[in-house]
Amino acid sequence: MMCSDQNTIQQNLEQIRQQIHAAEQQYARHSNSVQLLAVSKTKPIEALKAAIDAGQTCFGENYVQEGIEKIHYFAQHYTEAKLEWHFIGPIQSNKTRPIAENFDWVHSVDREKVAQRLNDQRPEQARPLQVLIQVNTSGEASKSGTNQDDIFHLAELINALPNLTLRGLMSIPENVSDYPSQLRAFKQLAELNRKLNQRYPQVDTLSMGMSGDMQAAIEAGSTMVRIGTAIFGARDYHK
Ligand SMILES: *Cc1c(COP(=O)(O)O)cnc(C)c1O
């Protein structure tokens, strides 16, 4: 990769951080209450290096094999960097073991079988896996995510599993571009997370907001935005 791309990644990161900071102030959020997760799926090692060199430590990956290759690479070559790896993609139940063994966080737990397997396959010596329940806020049958009615049932199971720590909710709302619709969906999720926190005090994380709807997510109370395109540029799935 050429140097100019790496400069671009650094500049993009700087710009996103400023936007997050400005949104925190605009919506009376505490400063640094919104964490930036860099979504690096499909992007090469060089792109992640540029982000790490610019101070980024938390990365989100969607594909198990690709994510694990990156985790292993940086564990070997960037031993000084304290990186945190978040699995944010759909989970097939026969792929839970490598996720349980390698990642720090999972945002996309949406059913009991997956939660149980992640717990059983988490290595003994590892810190509990930090878990978010993925919620289907739009009610579309095609989308992954737990129905709102089932959240508390799944939360109860996760809370009873010793190798998982329930931290909150995640959603990928419908792709709408008008601000009021974005805000409505995010506020709904924030309200659910508030209820979850009343029952489980360790719940402190609301993963919502991507490159196209970060502002509305922060206004509604997001504590973790997942940003890919605005940091690394458009993804090319044909490479
Ligand atoms: C790809 C992806 C993102 C990042 O989306 P951008 O629009 O590129 O910022 C965030 N969350 C999830 C779950 C994703 O799959």
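Note that ligands are numbered from 1 as they come in the structure, with each ligand's atoms numbered from 1 the same way.
Salt bridge absent: E191 and K187 never bring a charged side-chain N and a carboxylate O closer than 4.0 Å. A salt bridge does not link K41 to E66: none of the charged nitrogens lies less than 4.0 Å from a carboxylate oxygen.
Taking all heavy atoms of K41, Q134, R235 into account, the minimum distance to atom 1 (C) of ligand 1 is reached by K41.
Those atoms of ligand 1 that come under 4.0 Å of a heavy atom in I227, given as number and element, are 9 (O). Set against the non-hydrogen atoms of I88, the atoms of ligand 1 under 4.0 Å away are 11 (N), 12 (C), 13 (C), 14 (C). Residue N62 approaches ligand 1 through these ligand atoms, each under 4.0 Å from one of its heavy atoms: 14 (C), 15 (O). Shown in contact with R226 at under 4.0 Å from a heavy atom are these atoms of ligand 1, numbered in order with element: 4 (C), 9 (O), 10 (C), 11 (N), 12 (C), 13 (C). When each atom of ligand 1 is checked for a heavy atom of I172 under 4.0 Å away, the hits are 13 (C).
Atom CZ of F74 sits about 4.0 Å away from atom CD1 of I52, to the nearest 0.5 Å. One distance of note links CG of L189 with CZ of R194; it measures 13.0 Å at 0.5 Å rounding.
The aromatic ring centroids of W85 and F59 lie less than 6.0 Å from each other.
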Atom pairs and distances, donor-acceptor, side-chain atoms in residues 153-166, under 3.5 Å, two or more places apart:
unit_1 : atom_1 : unit_2 : atom_2 : d
H153   : NE2    : E112   : OE2    : 3.0
N159   : OD1    : Q202   : NE2    : 3.3
N163   : ND2    : N119   : O      : 3.0

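Here the heavy atom of the protein found nearest to atom 10 (C) of ligand 1 is M210 SD, 3.3 Å. Looking only at heavy atoms of the protein, atom 9 (O) of ligand 1 is closest to S211 OG, 2.5 Å.
For ligand 1, one of its N or O atoms has an N or O atom of G228 under 3.5 Å away.
Both the backbone and the side chain of T229 come within 4.0 Å of ligand 1, judged by heavy-atom distances.
Taking the six-membered ring where tryptophan is involved, the planes of F103 and F87 are perpendicular, since the angle between them exceeds 60° and thus also 30°.
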